[in-house]
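If you're wondering where the values come from, they're calculated on a predicted model, not measured in any experiment. Residues take their numbers from the sequence shown, with the count starting at 1.
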Amino acid sequence: MNIDQAKEEVKNAIRAYLEKDEAGQYEIPIERQRPILLMGPPGIGKTAVMEQIAQELGIGLVSYTITHHTRQSAIGLPKISEKSFEGKKYSVTEYTMSEIIGAVYEQREKTGIKEGILFLDEINCVSETLAPTMLQFLQYKTFGSHKLPEGYIIVTAGNPPQYNKSVREFDIVTLDRVRQINIEEDFDSWKEYAYKAGVHGSILAYLEIKKDNFYSIKTDVDGRSFVTARGWEDLSRIIKVNEKLGIPVDENLTSQYLQNVEVARDFAGYYELYRRYNELYKIPDILQGRFPEDITTIRNGSFDEKLSIIGLLTDKLMEEFREYTKQKAVQKILFENIKEFGTLESKAENEQESWFKTKASEMEDLLEKDVEAGLVSRDDEKVRRLAIASLYDCDRNAVLACNENAFEAAKRWFTSRESIRQEQIKRTGWHLTNSFAFLEKTFGDEESLSGSQEMVIFLTELSKAYYSLCFIRETGNEAYYKYNKLLLLNDRKQELRDMVEKLEF
């Protein structure tokens, strides 16, 4: 299965393990809650999936790469204690608490959340001395004499032997006590995540053309070469920062993230072409409704070139869709705070003074705790920080110092922000409509366009990506509805044609 399917399997397993009966006991007893073993190639996002599941379920997460541990750190260090048995005193060897078990208790104390995931990566690559301890842990949920606290689910991950020479095969006794989920790399599944994560458009467009270069691990006479999903995502981050700083993106850079000489060189060449397409066809102008005069060149261009142009359009639109979702979330937080402030209207003026500044400070403290505990995603953290900065801005602008009703002043400040946001929504909708108009003008009339490869690709990308769906669902777009309907009608017509051809007279 792909990584998305694996995520749902793990998420459902954890929900089932944490389900309680009317007496408050777990429906599946602790000793029958099989640890989950994710088996798949490296760099496909197993750790990221655990973070997403923990945040979505509102539970804790403690994550360890087990190959970084020795037997001592896993089970604890020996110490001598004195005990009495049948009236006699004896020196007895005990162990301090395992670092891993201790980290779970520390996470529970820090967050106040008693349930969570203990994620152990590279579980089948442990050292020879640690292997028996790990097998004991998978079977009995204890490290030495210290048991994993109730409410924490064990999820492990490992790599098949073809990817790692250090792999140890689990015996049947162990495998019969875990839930093994086998994962395969899958570009289409990763692409949905990539849109949400804001992976650079050049990477998505390139991989759409050359899907075979998405993931590969090879060993030949020249040594080992590899390209992973993790490598593409990390490369995307550095490309965005380099573009911001005006630093070149070339093969010297791409080869540091794509450990395959041919792929690194090929992508570096494509990136340059991608940038030239952006400058040549002036994508920002297309979004504004100013189309290139010579569309024949685009129409007669190679399919790869057409994919690149569609990728450029999609990338620019996705930036606006992500901004829409972010600003909506910020405004929601601000609205809730201003609404709360309204309840103070009848109180003394000194109780209202610097209310927003105090509130922002409280929110800042809470956010720092949540970030430290790993309870918020990067996107959620950004939204909350923007909201906090806005509340400080509200205070700096002395909203409460106006010679008018303080609540009315705060509302006016919020309304001004909302007006700007609504204008941005209109602008994004207009850009989306212009993109459809450009495709119609470039690739044919409305009827033939609805079934063209270019329109199918564009509509498919919009319909699969999280942020574009949020924008269209919440704000609407007539052009999207029109062409999507035509595409569905064409699909239905084709189905009917196929049925007729199969009929026997």
Pair W232, L207 - check side-chain contact (heavy atoms from CB on, under 4.5 Å), show working. CA-CA 10 Å; W232 286 114; L207 292 176; 3.7 Å; yes

Apply side-chain contact (heavy atoms from CB on, under 4.5 Å) to residues F137 and L120 and explain how you reach the verdict. CA-CA 11 Å; F137 181 68; L120 302 176; 3.6 Å; yes

Could you go through the side-chain contact (heavy atoms from CB on, under 4.5 Å) check for L253 and D250 one step at a time? CA-CA 5 Å; L253 178 69; D250 53 23; 4.0 Å; yes

Test side-chain hydrogen bond (donor to acceptor under 3.5 Å, both in side chains) on Y467 and E320 and set out the steps. CA-CA 9 Å; Y467 290 114; E320 297 188 38; over 6 Å; no

Show the numbers, then the answer: is there a salt bridge (charged side-chain N to carboxylate O under 4.0 Å, His left out) between D121 and K46? CA-CA 9 Å; D121 200 5; K46 297 187 286 288; 5.4 Å; no

Verdict with supporting geometry, S255 and V261, side-chain contact (heavy atoms from CB on, under 4.5 Å): CA-CA 7 Å; S255 61; V261 174; over 6 Å; no

Could you walk me through whether E418 and R421 satisfy the salt bridge (charged side-chain N to carboxylate O under 4.0 Å, His left out) test, starting with their C-alpha distance in whole Å, then the side-chain angles of each, then the deciding distance to 0.1 Å, before giving a yes or no? CA-CA 5 Å; E418 182 62 17; R421 191 177 80 90; 3.0 Å; yes

Stepwise salt bridge (charged side-chain N to carboxylate O under 4.0 Å, His left out) test for R385 and E368: CA-CA 10 Å; R385 290 197 185 281; E368 295 304 327; 3.1 Å; yes

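Taking 4.5 Å as the limit, some side-chain heavy atom of E27 sits within range of a side-chain heavy atom of D21. Under the 4.5 Å side-chain criterion, counting only non-hydrogen atoms from C-beta, M1 is in contact with I181. In this structure, the side chains of K11 and I14 stay at 4.5 Å or more apart for every pair of heavy atoms. In this structure, Y105 and P149 have side chains that are in contact, with non-hydrogen atoms separated by less than 4.5 Å. Taking the side chain as every heavy atom from C-beta outward, V199 and Y193 never approach each other to under 4.5 Å. Side-chain contact between L38 and I183: present, with at least one pair of heavy atoms (C-beta onward) separated by less than 4.5 Å. Counting heavy atoms from C-beta on, the side chains of V155 and L118 never come closer than 4.5 Å. For the pair L18/I59, a side-chain contact is recorded, criterion being any heavy-atom separation below 4.5 Å from C-beta on.
E192 has no carboxylate O lying under 4.0 Å from a charged side-chain N of K196, or vice versa, which leaves the two without a salt bridge. Here E474 pairs with K328 in a salt bridge; the nearest charged N to carboxylate O distance falls below 4.0 Å. Residues R384 and E364 are not paired through a salt bridge, judged by the lack of any N-O separation under 4.0 Å between the basic side chain and the carboxylate. Remark: E208 engages K191 in a salt bridge, criterion side-chain N to carboxylate O under 4.0 Å. Taking 4.0 Å as the cut-off between side-chain N and carboxylate O, E233 and R237 count as a salt-bridged pair. With respect to R322 and D379, no salt bridge is recorded, no charged nitrogen being found less than 4.0 Å from a carboxylate O. Taking 4.0 Å as the cut-off between side-chain N and carboxylate O, K7 and E56 count as a salt-bridged pair. Between E323 and K326, at least one side-chain N (NZ, or NE/NH1/NH2) sits under 4.0 Å from a carboxylate O, which counts as a salt bridge.
Y324 OH to R427 CZ: the interatomic distance, rounded to the nearest 0.5 Å, is 15.0 Å. One finds the NZ atom of K411 at 10.0 Å from the CD1 atom of I338 (value rounded to the nearest 0.5 Å). Here the CD atom belonging to Q331 is positioned 9.0 Å from the CD1 atom belonging to I420, to the nearest 0.5 angstrom. Taking CZ of R177 as the reference point, atom CG of L138 lies at 10.5 Å (rounded to 0.5 Å). Between Q52 atom CD and T47 atom OG1 the span is 11.0 Å, to the nearest 0.5 Å. To the nearest 0.5 Å, the span separating OG on S468 from CE on M318 amounts to 3.5 Å.
Partner of F267 under the ring pair (Phe, Tyr, Trp, His ring centres under 6.0 Å) criterion, chosen from Y206, Y257, F214: Y206.
For K110, the NZ atom sits in a packed shell: over 12 heavy atoms of surrounding residues, nucleotides or ligands are nearer than 6.0 Å. Other residues, nucleotides and ligands contribute at most 12 non-hydrogen atoms within 6.0 Å of the NZ atom of K339. More than 12 heavy atoms of other residues, nucleotides or ligands lie within 6.0 Å of CG in L245, so this atom counts as buried by the packing criterion. By the neighbour-count criterion of 12 heavy atoms within 6.0 Å, atom NZ of K218 is sparsely surrounded, having that number or fewer from other residues, nucleotides or ligands. In the displayed structure, K114 atom NZ is contacted under 6.0 Å by more than 12 heavy atoms of other residues, nucleotides or ligands. Applying the 6.0 Å contact sphere to NZ of K357 captures no more than 12 heavy atoms from other residues, nucleotides or ligands. Applying the 6.0 Å contact sphere to OH of Y466 captures no more than 12 heavy atoms from other residues, nucleotides or ligands. Remark: E336 CD is packed, more than 12 non-hydrogen atoms of other residues, nucleotides or ligands lying under 6.0 Å away.
Checking side-chain atoms of Q33 against main-chain N and O of Y17 turns up a donor-acceptor pair under 3.5 Å. Not one N or O on the side chain of S189 forms a donor-acceptor pair closer than 3.5 Å with the backbone of D186. Judged purely by atom type and a 3.5 angstrom limit, K464 has no side-chain atom pairing as donor or acceptor with the backbone of L469. Here the side chain of S416 pairs no donor or acceptor atom with the backbone of R412 at under 3.5 angstrom. No side-chain donor-acceptor contact under 3.5 Å links R179 to the backbone of A13. No donor-acceptor pair under 3.5 Å is formed between the side chain of S361 and the backbone N or O of T358. Judged purely by atom type and a 3.5 angstrom limit, N12 uses its side chain to pair as donor or acceptor with the backbone of E8. The backbone N or O of Y152 sits nowhere less than 3.5 Å from a side-chain atom of E115 that would complete a donor-acceptor pair. The closest donor-acceptor contact from the side chain of K240 to the backbone of G198 lies under 3.5 Å. Judged by distance alone, the side chain of T156 and the main-chain N or O of I36 form a donor-acceptor pair under 3.5 Å.
Side-chain N/O atoms of Q180 and N182 include a donor and acceptor closer than 3.5 Å. Judged by distance alone, the side chains of S377 and D380 do bring a donor and an acceptor atom under 3.5 Å apart. With 3.5 Å as the limit, one finds no donor-acceptor pair spanning the side chains of K20 and Q25.
Contact detail for I44 and A229: the closest heavy-atom pair is CA-CB, 4.2 Å. Heavy-atom minimum distance, G60 versus A54: O-CB, 4.0 Å.
Relative to the ring axis of W413, R417 places its NZ or CZ within 45° and under 6.0 Å from the centre.
Aromatic rings from Y64 and F119 are positioned such that their centres are separated by 6.0 Å or more.
Judged as a side chain to side chain donor-acceptor pair (under 3.5 Å), and not counting sequence neighbours, the contacts of E340 are K359.
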